[in-house]
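These notes are about the structure you will find just below.
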Amino acid sequence: MKITLKLYARLAQYLPAGAAENQARIELAEGASVNQVLEQFGLPPAHCHLVLVNGVYVAPSERPQTALRPDDVLAVWPQVAGGGWPGG
Amino acid sequence: MGWAGKILRVDLAKGSCTPEPLNAKWAAEYLGQRGLASKYLATEIDPKVDPLSPANKLIFATGPLTGTAASTGGRYSVITKGPLTGAIACSNSGGYWGPELKNAGWDMIIFEGKAKKPVYLFLEDDRAELVPAGDLWGQTVWATEAAIRAKHQDPQIRVSAIGKAGEMGVMFACIVNDQHRAAGRSGVGAVMGSKNLKAVAVRGSQGVRVRDAKAFFEATTKGKATLAANPVTGQGLTTYGTNILMNVINEVGALPTRNHRDVQFEGARKISAEAMHEKRPTDGKANLVHNQACFGCTIACGRMSQLDKGHFTVVNRPQYWGASGGLEYENAWSLGAAAGIDDLEALTFANFLCNEHGIDPISFGATLGAAMELYDMGVITTKETGGIELKFGSAQALATLVELTGKAEGFGKELGLGSKRLCAKYGHPELSMSVKGQEFPAYDSRGIQGMGLTYATSNRGACHLRSYTVASEVLGTPVKTDPLATEGKAALVKAFQDATAAVDSSGLCVFTTFGWTLDDIAPQIDAALPGGWTTQRLLDVGERVWNLERQFNLAAGLTAKDDTLPKRLLTEPAKTGPAKGKVNELGKMLPEYYELRGWSKDGVPNKDTLKRLGL
Amino acid sequence: MKAVILGAGPAGVTAAETIRAHNPKARITLVGDEPHPPYGRMAIPYLLSGRIDEAGTHLRADPDHYRNLGITLKTGRALGLDAKARTLALEKGELAYDALLIATGAKPVKPKIKGLNLPGVHHCWTLADARAIAALARKGEPVVLMGAGFIGTIILEALALRGVSLTVVEQADRMVPRMMDAKAGALLKRWCQAQGVKVLTGTSIAGVEKGPKGLAVTLSTGKTIPAALLVVAAGVAPNIGFLKGSGVKAKQGLLVDAHLETSLPGIFAAGDVAQGLDFTTGALAVNAIQPGAVAQGRLAGLNMAGERVADRGQLAMNVLDTLGLVSASFGAWDGVDGGWRSAALDRDNFRYTRLEFLGDRLVGANLVGIGPHVGMVRGLIETGTRLGAWAKTLKRDPNRLPEAYVATLAGRRD
Amino acid sequence: MQRSLMIEPVKCTGCKQCEMACSMTHEGVFNPARSRIRVFEFHAEARFVPYTCTQCAQAWCQQACPVEAISVDAATGAKVVKEARCVGCKVCTIACPFGTVNYVRATGKVAKCDLCGGDPACAKACPTQAITYVDSDWTGLERMRAWAAKATATA
């Protein structure tokens, strides 16, 4: 099955070759878990702070048993924040 | 000690500048800056005054840590009754101006009345002088700063000024210092313009003392180490700035797009921090040049950007070829997604012009988005716009209108009304995406429920800087909560509101709270000030400030009915993303919030609450 | 090697130290004509104003400094010179030398005006003068100062700080006419008057007589004013009288080449007595200023020690504190042919900045009410740094010079 | 090995922590106007340049002083102002071609960087290592000294 993997900020360096604009279509075995993908691409677990499947947060404890489905979007960020415009 | 102990009262009508001692009792209760100046304002003006009348006052205030080596200790606020909202306004700015005021020996400046002719205040240590500003009237913020520095022959003078927008009463005009740092929201610049006050120029050489220099050094050094070790304040914000959020908020389905018609923007990535780092195909250079810190800041989230000289916005306009303040998340959103525009260079240009002319990019972009929806509906046509095709996604319209709005010319004058008045004028008040007349920032409360309550209850109208529950609901700081749930959000909002009010009163930047709690801040304040400052005392200050602001607004005529959201967010479900099918469930959160605050069902603070807080 | 240095001011002392640094074996004799350890004339006004004591004027703080360096101090006055025999005649005895430095400095000029020999008329030049002035310049006493040139204006401050009732008489149309332009001079005058000092420009002293307060000073206007003390600061002339007939060539001062050597081999000159290369004009000029004297002393010392080092010329420059108003001038402050200027004047706040350029290079400056980093002016002038686009910026706002300096000279290190 | 301040403007964010550390160390107050190091801002270039004395070998300031109020700290190589001897004549301020000796009205004396006796507060306070205190070899000090010599001199 294919899913979309999106890696942002400093994690972009872990995207496969040929990826553009922070994302890549990747081929996975049916039923692969979130954690399997993170491991497959060598993402350091400590840096996988915000892990979203189709925009929904997956807590670290759920990542091993959360199975991905075809065309899911898995997006990952290190710890980030913004919030805004400190002029306001 | 922390406080300079002295404030300057400027009667613009009389042309007098009078020093007076800082009210020490109030300082002990309200700390400084936002809290303390709000106390002065609430005590000194009738809350019912017309914000743009001479009876309103305009206060520039620093906090006790402003001008010290505490990380981010470089802030000041402008406090007044806001014209956009009719509520108390407090807009916070960084850069170098606030510390300069403190270094000149002043905690705050209170402007009263209205000058007969345009003036600016020149303050050099103890010397205060109102200088005729007829030649500066009509000038941009940037030109004003250069002219004042040249006139007084001191390039180190710091200037806080309005552009033509403030002079002309653009309802979201702001006050800009150091090229691109602004007391941005609620139209404080229009109040300044209504007083015929062009600028406040400051030069200080007296310095800031703290109660216990050794303890202060230890506390601030520890604080800096904590920020440096934190992945957000030590690396994330430093490297990517706030606009790292663009893709995050889009992914969670809370990026307001095309005047909140949509909650996800297909062009989000093109205007994100990641894109700012990439080389442009046109000239091979990145939009982002460097990061910049405000005074004392060890985070340095500020962006410095440089445009592609060949871009249509600046071709043949070399005055915009240098680096200047780049896109923060809110601005990238408001100038971009809110109007459906994905041209990073055009957004950066618009951002430059917002700073140059002194308008709030959030309210400007959101108002442009609302106008585009009216255009899309056929309510506004090229007849009204003077030929401008106001289509969603038009970078050309953005570039043209940011300049017209900054100069309050043509259709820019209409946009200068702000979305509430503009939409009402064209018969569609429901299309103004605002609370109490102030436009939303960059989070759709259908996808982040707590932000709905944040916006509805914010004392200065819709605002993310009063309680940033996004930190918890999306970013997992300090703990992750479910953005689509309403349970527990009332308590979360109250906690964020009180803590933020305390930080805003200290002279520090609220961004430190990504790495610090009040437990990190209290020792720094305690070392700077006499009287013993603990986390609990700061929380008390925060709650006191919040209730003081609330009391002001109630006295100004606002009621619980104003604690609400536009119909669209309460009734039109999100179309895509995780929040698809959801509306904001404010009704589930608001009563609980009132109760937690110790307020009546009508949102009025109970007697016990007021007594407990010494109000 | 026998090195004799005549004159124990900054140039002489620096030369002696420089020779020692390059030649451990040289026999170095430093001859002064006053009975004190070498002191800085620059410090005398501060002695007068009470900020320092006499020890505070000493060029070197350590009393054993010269002994530790093996420099022989000698008090004496030179009478003449035998260049062939390489001997210097003193009032008491002779000194033989292999290399001689003449660093005898200058002495104040006494104009030919009636009454300047009366008691109560003093120059302000030596420590002895300072003592005499201090005795007369008491709080509230009327004091007249003749001359508001650079030295006069420094003395002005010292006198004013002593609380005397001071009148300054300057025959030129403005204060410090050889250092400042008319605008700057006018600012200084108005500032001094605001501090309670009477400044009469375009006025001269016609004569002095005894008077009820001690002296009566008659001005060119015909008016006569009382004075307990008249201080004469009407210019200086190099101390070269003893060289008459020696063969050392002189005009305004002793003419020296790029190696600070006079027309006679082995005889060098430095400091206020020397007419050396001027950085700005390329001509020979007497630049009687402290840093120039030191630089020439150092160069002369090097050349006397056998290091052939050439002078690129001394930049004329001065800094002045007039009762709290600090001003400075550098190089071609009055402009050069084909050049251009950028100026900013704020009369109310006593600020004036005038920069003179040739092309995109800075060549001179007049500054009143100066900000920080004033030395950068020297740096830019002496390096001849091309300012490029910054020249345009400075044309709009001359006070951005420190930024221009850092951007063009210092900021490009990485 | 003598050490000196290495300044790398490309790392500077303009936060002025160095100025505050300097003024607090020397004056007991946070006051950038009294700092001996100053960060220059070049906004249009997004460039910030900390700037202070290079402790140049020529020691223009020391040479120009008429009363030996500036001396060399043997341990650090810093040219140090002895306040007790300084008369405030300001000759050093015009003599220093780097413009890094400044007159301080409040004290009537001049002030300049003294390397804090070998433990510079500015370097410790810099959050981005734009200012570091390193072996002189690393700073290009010799290059700078060569520049100083060429720049101004007389040599």
How about Lys285(B): does its NZ atom have over 12 heavy atoms from other parts shown lying under 6.0 Å from it? no
Given Asn103(B), Val210(B), Val289(B), the one with more heavy-atom pairs under 4.5 angstrom with chain D than any other is Asn103(B)
Where on Phe217(B) is there a heavy atom nearer than 4.5 Å to chain D: the side chain, the backbone, both, or neither? neither
Count the heavy-atom pairs under 4.5 Å between each of Pro127(D), Ala125(D), Ala46(D) and chain B, then report the option with the highest count. Ala46(D)
Side chains of Pro32(D) and Phe295(B): does their closest heavy-atom pair fall under 4.5 Å? yes
Return the option, out of Gly322(B), Ser305(B), Gly73(B), Ala293(B), with the maximum number of heavy-atom pairs under 4.5 Å with chain D. Ala293(B)
Which atoms of Phe42(D) come close to chain B, meaning under 4.5 Å heavy atom to heavy atom: side chain ones, backbone ones, both, or neither? neither
Can you check whether Lys102(B) reaches Phe30(D) side chain to side chain, under 4.5 Å on heavy atoms? no
Would you mind checking which part of Cys18(D) comes under 4.5 Å of any heavy atom in chain B, side chain (CB onward), backbone (N, CA, C, O), both or neither? neither
Residue Gln156(B) versus chain D: region with a heavy atom under 4.5 Å: side chain
Do you know which of Ala33(D), Ala21(D), Ala106(D), Gly14(D) has the most heavy-atom pairs with chain B at a distance under 4.5 angstrom? Gly14(D)
Compare all side-chain heavy atoms of Ser205(B) with those of Arg34(D) and state whether any distance is below 4.5 angstrom. no
Under 3.5 Å, side chain of Gln292(B) to main-chain N/O of Thr13(D), donor-acceptor pair present? no
Can any side-chain N or O of His290(B) pair as donor or acceptor with the backbone N or O of Glu45(D) at less than 3.5 Å? no
Which atoms of Ala70(B) are under 4.5 Å from chain D, going by heavy atoms: the side chain, the backbone, both sets, or neither? backbone
Is the shortest side-chain heavy-atom distance between Glu41(D) and Gln179(B) below 4.5 Å? no
Counting heavy-atom pairs under 4.5 Å to chain D, which of Gly325(B), Ala228(B), Cys297(B), Pro99(B) comes out on top? Cys297(B)
Does Met304(B) reach the side chain of His43(D), with side-chain heavy atoms less than 4.5 Å apart? yes
Report which part of Phe216(B) has an atom under 4.5 Å of a heavy atom belonging to chain D: side chain, backbone, both, or neither. side chain
